[in-house]
J.: 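Let me give you the structure first, and then I'll get to my questions.
Excluded from the calculations below are hydrogen atoms, water molecules and symmetry mates; all remaining heavy atoms, backbone and side chain alike, are included. The model shown is predicted, which means the values in this text are computed figures rather than measured ones. Throughout, a chain's letter reflects where its sequence line sits, starting with A, and its residues are numbered from 1.
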There are 2 protein chains.
Amino acid sequence: MALTTKDIARLAGVSQSTVSRSLNNSPLISDETRGRVLRIAEELGFELNANARGLSTNRTNTIGVIYPDDYLDHDVSLYLGSLLTQLRKILEQWDLDLIVAFKENRKTGVDSIKRLVMRKKVDALIIVQSHTDERTLEFLKKTNIPCVLLHFYQSSKATEGIDQVYADHVAGGYLGCEHLIKLGHRRILCVSAEGEEEYEQRRCGYRAALERYGIAYDPALMLNGDRTFQSGYDLVMDHEALFDSVTAVFVHTDIMALGVMEALKARGRRIPEDIAVVGYDDVELSAYFQPHLTTVHQPREELAAVACQHLMELLSSKRTVRGEQIKIQPSLVVRQSCGAHLVSTMVHDTDL
Amino acid sequence: MALTTKDIARLAGVSQSTVSRSLNNSPLISDETRGRVLRIAEELGFELNANARGLSTNRTNTIGVIYPDDYLDHDVSLYLGSLLTQLRKILEQWDLDLIVAFKENRKTGVDSIKRLVMRKKVDALIIVQSHTDERTLEFLKKTNIPCVLLHFYQSSKATEGIDQVYADHVAGGYLGCEHLIKLGHRRILCVSAEGEEEYEQRRCGYRAALERYGIAYDPALMLNGDRTFQSGYDLVMDHEALFDSVTAVFVHTDIMALGVMEALKARGRRIPEDIAVVGYDDVELSAYFQPHLTTVHQPREELAAVACQHLMELLSSKRTVRGEQIKIQPSLVVRQSCGAHLVSTMVHDTDL
DNA sequence: CTGTTAGCGCGTTCAG
DNA sequence: CTGAACGCGCTAACAG
């Protein structure tokens, strides 16, 4: 069998509880005793049994992360992968392990959140999915487990009392569109997507920008893809005339934007000279394509940092109020595809 | 406090151990009793406490996956991400949770393998890293924890007795090069990478194919990149004459291959008419680039399946012999960049 | 088939 | 400051 505190105790000539206290930096131990115990434990490569520890303390030092199923689909996984990477980096600093699971086991159908929480496999939850059903939200509140809904924002009576950290997609939509307007574009095609709320918000921001600058919203300039590269590509090929009739496109995911760009290039249109393109997400991948994509940066670093910070405060009971909703602002990353580097003077608000 | 088996016992009017047995499908329980217990547990959404369970059984139902640090670097993460996805899918079927960690905590410097094993946070380990040091290997053998080294092959006295599942990179290198030879190419530039053993193996396969077909190996036709898209791109730009002097390039990662293709296109060379390109990995991403990349498929599905299968057998004690080394064969995926679809007749072995 | 009892390894009173 | 004793919630003999 493996080493236990009892073994260490015997070797150090002290009691088991003294070992426990030494290993947990209890102030109730003399430096000398602690030193002796630690040295012995160190020498033997001793580590406390996490199960026993968890059983006594009700703490596991692991965080559950719930990710949407479509994270496994390559095309939509890039931004989410990037977000997960951020979470990993931060939680590693706190020495917390990560269990990533999907809403439910696709084979057994078992609800992962309930399972992880009720079995006490995790101390807290970071939930990244577009929609969490009411039953689950009530469950989270009832159990009072530290938890934050990340990235996707959800609003209903059921989400009251649940912490949320999410990006302002309306602002992102506004930002991307406004940038194109300021570059002088008036007919701006919008390639959005269906399914998630966030795309509706981006469209909303797009419309708000148009309105702000006195441009009438034309429903004919609104297209929806399915978030894949291919759909971006196909959209261009299937709506040649439409794309020919505009001077700019605002695409609501980078992957689709890259598909749009490739299709436009294949059709002989120069970017940004003939048509400007702005994307959304700022995935690392876009660095591989020419011209470099101007895009709305999803603030994953800040999203992850704030969510984790929040979670740590809940875990340490430094924070007791629940239900805070923190909106993070995206930013615009100007590169080449919008043509901003070509125009000497930007159109300013006052000129419009 | 949360529900316990004792609570369920009280409600069902049976003893705590009867509850435990019912919940664990023990054959020692009458259908009637079990039914009653299960119904009550179900109604209350009861779940067994994983810590208590782990403490008694020494089983946690979670698997540790050790990933290399550079998994966080976007350019090299694509294939590894794809492999991890496969692992996730398979382990989900077994209802096992996954803790993914890096060799060591980059902040505290603590060795993850030792920590996870000694603390008994995981039942088994899947280790994906190019080099596992001798001390760790000895540790793994000493503790006798079910474990398999995945993807990266390592050979030394220390790895004896350690199970390994890996791809045959020599065969992959051979496959890619042979394909080009059969298409009639004689001067085949090889763009490989430094650092990992697997690239040396791919180079080895490349050379073996040349030899097999009576083509002298020319060291001038061997270049090394750093596995990034940019390095593929730069290599072309920095060695224009060299690339102009060959009719084919065999690039040892898809990402670099895409960089090479983009650079070649930028220089006005047609692929595959002027120059054929073959990659290695078969990452989903390459579907975004034209022409579609012919490449050596890393058999991640099989690697993951075999590794997990193996692990399950070790966990269930169905397998007792340790130290098996399973080599998985890669395959060639012929698409457009090699030009195979253009030639009516392949050159056959007998013609050479 | 079921109940009783004893740990699993640790944290934590409570005495001293 | 340290040790003895108990309990966390569950599994696993051991009786019956």
J.: Look at the side chain of Thr4(A) and decide which nucleotide, out of dT2(D), dC10(C), dC10(D), has an atom nearest to it.
T.: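 Nearest listed nucleotide: dC10(C).
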J.: Students often get this wrong, so: under 4.0 angstrom with heavy atoms, is Ser20(B) touching a base, only sugar-phosphate, or nothing?
T.: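 The answer is base, as Ser20(B) lies within the cut-off (heavy atoms under 4.0 Å) of a base atom.
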J.: Just N and O in the side chain of Ser17(A): are any of them under 4.0 Å from OP1 or OP2 of dT12(C)?
T.: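 Looking at the OP1 and OP2 atoms of dT12(C), neither is under 4.0 Å from any side-chain N or O of Ser17(A).
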J.: Expressed as a whole number of angstroms, how long is the span from Leu3(A):CG to dC8(C):P?
T.: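 It is 14 Å, rounded to the nearest whole Å.
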J.: Ignoring backbone atoms, establish whether Thr5(B) has a side-chain N or O less than 4.0 Å from OP1 or OP2 of dC10(D).
T.: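 Thr5(B) to dC10(D) OP1/OP2: side-chain N or O found under 4.0 Å.
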J.: Give one of base, sugar-phosphate or nothing for Leu28(A), where a contact means two heavy atoms less than 4.0 Å apart.
T.: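 Here Leu28(A) touches the bases of the nucleic acid.
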J.: Look at Thr33(A) and dT2(D) and indicate whether a side-chain polar atom (N or O) is within less than 4.0 Å of OP1 or OP2.
T.: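 So the side-chain polar atoms of Thr33(A) do come within 4.0 Å of the phosphate oxygens OP1 or OP2 of dT2(D), strictly under.
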J.: For a 4.5 angstrom cut-off between non-hydrogen side-chain atoms, does Leu149(A) reach Gln154(A)?
T.: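 Result yes, sub-4.5 Å side-chain heavy-atom pair found.
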J.: Hey, does the side chain of Ser56(B) come within less than 4.0 Å of dG9(D)'s phosphate (OP1/OP2), counting only N and O?
T.: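 No, no such contact exists.
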J.: By nearest heavy atom, map Ser30(B) and Ala52(B) onto DNA chain C; which one lands nearer the 5' end?
T.: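 Nearest-nucleotide comparison on DNA chain C picks Ser30(B).
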J.: Is the closest side-chain donor-acceptor distance between Glu104(B) and Ser112(B) under 3.5 Å?
T.: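 Distance-only check fails for Glu104(B) and Ser112(B).
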J.: Starting at CD1 of Ile29(B) and ending at P of dT11(D), how long is that distance when rounded to a whole Å?
T.: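 Computing the Ile29(B):CD1 to dT11(D):P distance gives 12 Å.
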J.: Looking at CZ of Arg10(B) and NZ of Lys6(B), how far apart are the two atoms once the value is rounded to the nearest 0.5 Å?
T.: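 Output value for this atom pair is 9.5 Å.
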J.: Expressed as a whole number of angstroms, how long is the span from Leu23(A):CG to dT12(C):C1'?
T.: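 It works out to 15 Å between those atoms.
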J.: Starting at atom CG of Asn58(A), determine the distance to atom P of dC10(D), rounded to an integer number of angstrom.
T.: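 Atom-to-atom, Asn58(A) to dC10(D), this comes out as 11 Å.
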J.: Does Thr57(A) make a side-chain N or O approach to OP1 or OP2 of dG11(C) shorter than 4.0 Å?
T.: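 False: Thr57(A) side-chain N/O out of range (4.0 Å or more) of dG11(C) OP1/OP2.
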J.: Is it true that the side chains of Glu198(A) and Tyr153(A) contain a donor and an acceptor less than 3.5 Å apart?
T.: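 Side-chain D/A pair, Glu198(A) to Tyr153(A): absent.
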J.: Would you classify Val19(A) as touching base, sugar-phosphate or nothing, given that sugar-phosphate means primed atoms plus P, OP1 and OP2, and contacts are heavy atoms under 4.0 Å?
T.: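 Nothing, no heavy atom under 4.0 Å.
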J.: Gln16(B) has an atom CD; how far is it from atom P of dC10(D), in whole Å?
T.: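 To the nearest whole Å, that distance equals 7 Å.
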J.: Would you say the side chain of Lys114(A) lies within less than 4.5 Å of the side chain of Phe139(A), judging by non-hydrogen atoms?
T.: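 Counting from C-beta outward, Phe139(A) and Lys114(A) do come under 4.5 Å.
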J.: Any idea which of dG9(D), dT2(C), dT11(D) is nearest the Asn24(B) side chain?
T.: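 The answer is dT11(D).
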J.: Just to confirm, is there a sub-4.0 Å distance from OP1 or OP2 of dT11(D) to any side-chain nitrogen or oxygen of Arg53(B)?
T.: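 Checking dT11(D) against Arg53(B), a side-chain N or O does come within under 4.0 Å of OP1 or OP2.
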